[in-house]
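Computed over heavy atoms, backbone and side chain alike; hydrogens, waters and symmetry mates excluded. Quick note on labels: first sequence line is chain A, next is B, and so on, each numbered from 1.
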Amino acid sequence: MTLADDAITWFVQNARDLPWRQPDTTAWGVLVSEVMLQQTPVVRVEPHWRSWMTRWPTPADLAADPPAEAIRMWGRLGYPRRAMRLHACAVAMVERHDGQVPSDLDQLLALPGVGTYTGRAVATFAYGQRHPVVDTNVRRVVSRAVEGKPDAGPNTTAADLVAMAELLPDEPARAARASIAFMELGALVCVARSPRCHECPFEEVCAWRLNGSPALEGPSRKPQRYAGTDRQVRGLLLEVLRHATAPVPRQRLDEVWNDDVQRARALAGLVEDGLVEPLGADVFVLAGDAPRVPPQAL
DNA sequence: GAATCGTGGGG
DNA sequence: TCCCCAAGATT
């Protein structure tokens with residue numbers, strides 16, 4: 001039995017019942033789930049995914065609405081640029097792929113917001129192709145079980161893809177099962193802190209365990225502070241704009257943060273990212289939310 | 001390659 | 001409280 005075999009057996013009995021894993025899920029549904037899941041826990045994604053798919057069942061449906069609607073629907077999922085890129089993605093698929101999610105990996109990777117992980121995840125989980133799908137879970141599992149190290153590096157490398165590729169069964173459908181199984185194992189059992197090794201199918205063969213489960217040496221990651229950062233200010237500004245039903249005067253944005261310099265920088269960043277659109281010098285809306293007929297008041 | 005980009009929950 | 005972490009992508 002290989003690691004992949006054991007992982008698949010475990011997965012069959014322990015996999016979560018997630019909506020985007022239903023057999024009738026479209027490639028678009030898979031893509032939406034993968035983008036939403038970038039750096040975001042499953043429990044928070046699930047309701048957003050359901051709402052999103054109900055409102056925009058196909059890429060063409062989303063492309064027909066302005067980005068502002070996507071940003072609103074995104075709510076507080078975090079990293080709202082993902083909503084904008086998903087919208088841009090939908091537009092690109094309508095323009096270049098007849099409204100379909102492409103199955104070719106290079107075409108997937110050319111889409112906005114689709115990188116090494118997401119492109120391979122869609123090609124694999126939506127189209128059943130054989131690619132190494134490497135996310136933070138997979139890297140941790142491989143790092144421990146195969147390499148005997150307590151954790152993986154902070155970023156996915158070409159070597160990580162090669163390492164996972166070597167573990168994949170030959171048959172594409174089974175390779176896809178192996179990838180999702182490794183991911184699920186990392187998410188539920190081989191977790192970052194306090195792994196549940198006694199529930200792990202690799203318990204007897206895990207190189208890290210056989211090494212005595214050594215702890216991490218130094219501080220593995222950089223501190224990830226949030227309070228007081230531009231990110232927090234951007235979040236506060238966007239929160240106001242999301243709930244606005246009319247163009248927002250600068251004065252209302254001034255109320256959410258008292259540091260003028262930082263507030264201005266954060267707002268400029270949102271504009272530069274294309275999330276926010278200035279409507280004149282002192283009025284702002286979400287991208288594409290400009291009224292078709294400018295009010296007299298402006 | 002490092003920095004940046006949200007938000008919320010658990011230990 | 002604070003710190004860590006969560007299916008990454010982009011510049």
To the nearest Å, give me how far apart [atom1] ([X]) and [atom2] ([N]) are.
X	N	atom1	atom2	result
L31(A)	dA7(C)	CG	P	18 Å
Q232(A)	dC5(B)	CD	P	12 Å
I71(A)	dG6(B)	CD1	C1'	14 Å
R44(A)	dG9(B)	CZ	C1'	8 Å
Y79(A)	dG6(B)	OH	P	7 Å
H131(A)	dA7(C)	NE2	C1'	17 Å
M36(A)	dG6(B)	CE	P	16 Å
L188(A)	dA7(C)	CG	P	9 Å

What does [X] touch in the nucleic acid at a heavy-atom separation under 4.0 angstrom: a base, only the sugar-phosphate, or nothing?
X	result
R120(A)	nothing
L238(A)	nothing
R139(A)	nothing
G115(A)	sugar-phosphate
W20(A)	base
S194(A)	nothing
L237(A)	nothing
T118(A)	sugar-phosphate

Using the closest heavy atom to pick a nucleotide of DNA chain B for each, name whichever of T40(A) or R193(A) lands nearer the 5' end.
T40(A)
Between T157(A) and D230(A), which residue's closest nucleotide on DNA chain B lies nearer the 5′ terminus?
T157(A)
Is the number of heavy atoms from other residues, nucleotides or ligands within 6.0 Å of [atom1] ([X]) greater than 12?
X	atom1	answer
R177(A)	CZ	no
Q22(A)	CD	yes
R196(A)	CZ	no

Take T40(A) and H48(A) through the test side-chain contact (heavy atoms from CB on, under 4.5 Å) and record every step on the way to the result.
CA-CA 12 Å; T40(A) 308; H48(A) 284 86; over 6 Å; no
Within the structure, does a side-chain N or O atom of [X] lie under 4.0 Å from either OP1 or OP2 of [N]?
X	N	value
Y226(A)	dT7(B)	yes
Q39(A)	dA6(C)	no
R85(A)	dT10(C)	no
R234(A)	dG6(B)	yes

Given R250(A) and D254(A), is the side-chain contact (heavy atoms from CB on, under 4.5 Å) satisfied, shown in steps?
CA-CA 6 Å; R250(A) 184 187 292 275; D254(A) 291 347; 3.7 Å; yes
Tell me which of V114(A) and D135(A) sits closer to the 5' end of DNA chain C, going by the nucleotide each one is nearest to.
D135(A)
In terms of the nearest nucleotide of DNA chain C, which residue is placed more toward the 5' end: P112(A) or E34(A)?
E34(A)
Choose from [options] the nucleotide whose nearest atom is closest to any side-chain atom of [X].
X	options	result
R76(A)	dG8(C), dA7(C), dT7(B)	dT7(B)
R140(A)	dG8(C), dG6(B), dA6(C)	dA6(C)
A192(A)	dC5(C), dC5(B), dT7(B)	dC5(C)

Provide the distance between the two P atoms, one in dA7(C) and one in dG11(B), to the nearest whole Å.
15 Å
dG6(B) to dA6(C) separation - C1' atoms, rounded to the nearest Å
12 Å
Do you know which two heavy atoms are closest between D170(A) and R130(A), and how far apart they sit?
O-CD, 3.2 Å
Should R209(A) and E204(A) count as an ion pair when the cut-off is N to O under 4.0 Å?
no
